[in-house]
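For the numbers below, each heavy atom of this structure counts, side chains included, while hydrogens, waters and symmetry mates do not. Chain letters run A, B, ... following the sequence lines, proteins first and then strands; every chain starts at 1.
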There are 2 protein chains.
Amino acid sequence: MARQRADSRKARKEVGDIPIPQDIADSICSCGGVEGLIESLPADDSIERMQRWYQACADPVRLKILSLLMVRPLCVCVIKAVLQMADSKLSYHLNILKKAGMIEGEQQGYYIIYNLTDQARVFLERERERLSSL
Amino acid sequence: MARQRADSRKARKEVGDIPIPQDIADSICSCGGVEGLIESLPADDSIERMQRWYQACADPVRLKILSLLMVRPLCVCVIKAVLQMADSKLSYHLNILKKAGMIEGEQQGYYIIYNLTDQARVFLERERERLSSL
DNA sequence: GTAATATTTCAATAATATTTGAAATGTTTT
DNA sequence: AAAACATTTCAAATATTATTGAAATATTAC
């Protein structure tokens with residue numbers, strides 16, 4: 001059986017190469033075929049950053065923290081009083097949001113006041129808008 | 001030591017109630033205090049939907065699938081050829097995106113052609129715009 | 001109907017993420 | 001410097017999610 005995809009542009013190793021039917025190959029011709037699609041993928045570091053960002057949003061506790069910080073900057077003790085959870089648990093989630101670049105904490109006397117980063121605020125405002133228009 | 005938060009508005013059970021310092025209580029007075037913040041939280045079902053949505057985005061394989069479908073609708077076999085992975089793995093991830101409401105599949109002859117939902121397309125276009133302006 | 005193709009489902013395993021409670025850190029007050 | 005308070009870190013236990021390969025389903029071609 002003949003290979004279905006054109007090998008014209010550059011040599012690729014055949015091992016692990018997954019063949020696709022001719023009619024399907026034709027249909028994706030205008031976007032550069034499989035090769036073109038591969039090239040259109042975001043770079044790995046970009047994918048990683050997106051993954052960390054969305055992962056940070058993918059938890060009820062963290063969504064609630066973000067929602068609270070949309071109202072105003074808050075110290076850990078208030079977030080804890082609102083969400084009613086153990087210190088260490090809250091701290092764990094704050095740290096994930098911090099690592100994702102969504103929040104920053106500033107020590108003020110006894111307390112650490114957390115606030116959204118500019119990036120996160122933009123994102124959350126856009127999302128609020130988008131979700132309200134569904 | 002006296003309780004720090006006003007109990008004026010409604011009776012709440014004291015058990016599990018986390019006290020906050022007076023100065024902090026004062027500082028969040030303008031947003032309704034702890035009670036006000038609790039009321040400002042999104043409803044549970046809303047939180048759940050958001051969680052499922054962002055969770056769907058929080059994986060490299062799925063981000064790549066979404067990126068590919070931004071180019072054009074594609075059948076499973078092309079996605080497989082681009083991402084070079086086992087059928088069952090790909091199917092697993094497609095299913096998660098489908099459950100989150102981000103993609104839909106339509107059987108066409110042999111193939112199932114997957115496409116982004118309108119919601120997902122709006123989201124991804126906005127995100128692309130936002131991320132490019134960083 | 002049988003064979004061929006495309007995709008999904010299933011069950012077991014592996015990998016990650018979350019929760020928990022105790023101990024540690026860092027700040028302020030005395 | 002000791003006590004009090006706010007928050008974080010750590011290690012163990014639990015829960016969730018992802019991967020794998022085999023078997024099942026569904027569609028089309030013969």
Side-chain angles (χ1 to χ4, degrees), chain A residues 1 4 16 18-25 27-28 47-48 51-65 73-100 103-115, chain B residues 1 4 16 18-25 27 48 51-65 73-100 103-115:
Chain A
M1 193 212 282
Q4 293 88 342
I18 296 162
I20 59 175
Q22 186 58 50
D23 55 338
I24 290 289
S27 78
I28 59 172
I47 292 274
E48 255 177 66
Q51 180 188 355
R52 202 171 322 115
W53 184 271
Y54 298 128
Q55 178 72 44
C57 298
D59 178 278
V61 171
R62 298 194 290 266
L63 284 170
K64 286 174 189 172
I65 292 171
L74 293 170
C75 76
V76 179
C77 65
V78 168
I79 301 174
K80 177 181 155 192
V82 172
L83 300 185
Q84 304 258 71
M85 62 178 59
D87 292 329
S88 61
K89 181 173 174 179
L90 182 49
S91 194
Y92 168 78
H93 288 290
L94 288 170
N95 191 243
I96 285 182
L97 290 168
K98 192 157 59 177
K99 278 190 197 151
I103 66 173
E104 324 178 277
E106 193 197 355
Q107 185 100 34
Q108 278 186 23
Y110 268 153
Y111 315 111
I112 297 175
I113 310 291
Y114 277 97
N115 198 1
Chain B
M1 194 213 278
Q4 291 90 343
I18 296 161
I20 59 176
Q22 186 59 50
D23 55 338
I24 289 289
S27 78
E48 255 175 64
Q51 179 188 356
R52 201 171 322 117
W53 184 271
Y54 298 128
Q55 178 71 43
C57 298
D59 177 279
V61 171
R62 297 194 290 266
L63 284 170
K64 286 175 190 170
I65 293 171
L74 294 170
C75 76
V76 179
C77 64
V78 169
I79 301 174
K80 177 180 156 191
V82 173
L83 301 184
Q84 305 257 68
M85 61 179 59
D87 292 329
S88 61
K89 180 173 174 178
L90 181 50
S91 194
Y92 168 78
H93 288 290
L94 288 171
N95 191 240
I96 285 181
L97 290 169
K98 193 157 55 174
K99 277 191 198 152
I103 66 174
E104 322 178 280
E106 191 196 357
Q107 184 100 31
Q108 278 185 23
Y110 268 151
Y111 315 112
I112 296 175
I113 311 290
Y114 276 97
N115 196 2

Chemist: Whole angstrom is fine here: how far is it from CD1 in B:Ile113 over to C1' in C:dA6?
Modeler: 11 Å
Chemist: If you compare every side-chain N and O of A:His93 against the phosphate oxygens of C:dT19 (OP1, OP2), does one of them come in below 4.0 Å?
Modeler: yes
Chemist: Please report the distance, rounded to the nearest Å, between CG in B:Asn95 and C1' in C:dC10.
Modeler: 13 Å
Chemist: So, does A:Tyr110 get its side chain near the phosphate of C:dT25, meaning an N or O under 4.0 Å from OP1 or OP2?
Modeler: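 The answer is no; no side-chain N or O of A:Tyr110 sits under 4.0 Å from OP1 or OP2.
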Chemist: Looking at C:dC10, C:dT18, C:dT7, which one has an atom nearest to any side-chain atom of B:Ser88?
Modeler: C:dC10
Chemist: Both B:Leu94 and A:Val61 contact DNA chain C. Taking the nearest nucleotide for each, which residue is further toward the 5' end?
Modeler: B:Leu94
Chemist: Closest to the A:Cys75 side chain: C:dA6, C:dT8, D:dT7?
Modeler: D:dT7
Chemist: Taking the side chain as every heavy atom from C-beta outward, state whether B:Ile103 and B:Asn115 have any pair of such atoms under 4.5 Å apart.
Modeler: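 Side chain of B:Ile103 against side chain of B:Asn115, heavy atoms only: no contact under 4.5 Å found.
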Chemist: Would you tell me whether B:Asp23 and A:Tyr111 have side-chain atoms, one donor and one acceptor, within less than 3.5 Å of each other?
Modeler: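 Note: B:Asp23 and A:Tyr111 side chains meet the donor-acceptor criterion.
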Chemist: Rounded to whole Å, please give me the gap between NZ in B:Lys80 and P in C:dT8.
Modeler: 11 Å
Chemist: At what distance, to the nearest 0.5 angstrom, does CD1 of A:Ile18 lie from SG of B:Cys77?
Modeler: 10.0 Å
Chemist: How close or far is atom P of C:dT18 from atom CD1 of A:Ile65, stated in whole angstroms?
Modeler: 11 Å
Chemist: Separation of B:Glu106 atom CD from D:dA26 atom P, in whole Å?
Modeler: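 Checked: the CD to P distance equals 18 Å.
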Chemist: Please pick, from C:dT18, D:dT17, C:dT8, the nucleotide with the shortest atom-to-atom distance to any side-chain atom of A:Gln55.
Modeler: C:dT18
Chemist: Just checking A:Leu90: base, sugar-phosphate only, or nothing, at a heavy-atom cut-off of under 4.0 Å?
Modeler: nothing
Chemist: Would you say the side chain of A:Gln51 lies within less than 4.5 Å of the side chain of B:Leu63, judging by non-hydrogen atoms?
Modeler: yes
Chemist: Rounded off to whole Å, could you give me the CD1-to-C1' distance for the A:Ile20 and C:dT7 pair?
Modeler: 16 Å
Chemist: Do any side-chain nitrogens or oxygens of B:Tyr92 fall under 4.0 Å of OP1 or OP2 in D:dG21?
Modeler: no
Chemist: Just the rounded figure in Å: distance from P of C:dT20 to CG of A:Asp87.
Modeler: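 After rounding, the gap between these two atoms is 13 Å.
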Chemist: Between A:Gln107 and B:Ile112, which is nearer to the 5' end of DNA chain C once each is assigned its nearest nucleotide?
Modeler: B:Ile112
Chemist: Please state how far atom CG in B:Asp59 lies from atom P in D:dT16, giving the value in whole angstrom units.
Modeler: 18 Å
Chemist: Nearest 0.5 Å, what's the CE-NZ distance between A:Met85 and A:Lys80?
Modeler: 11.0 Å
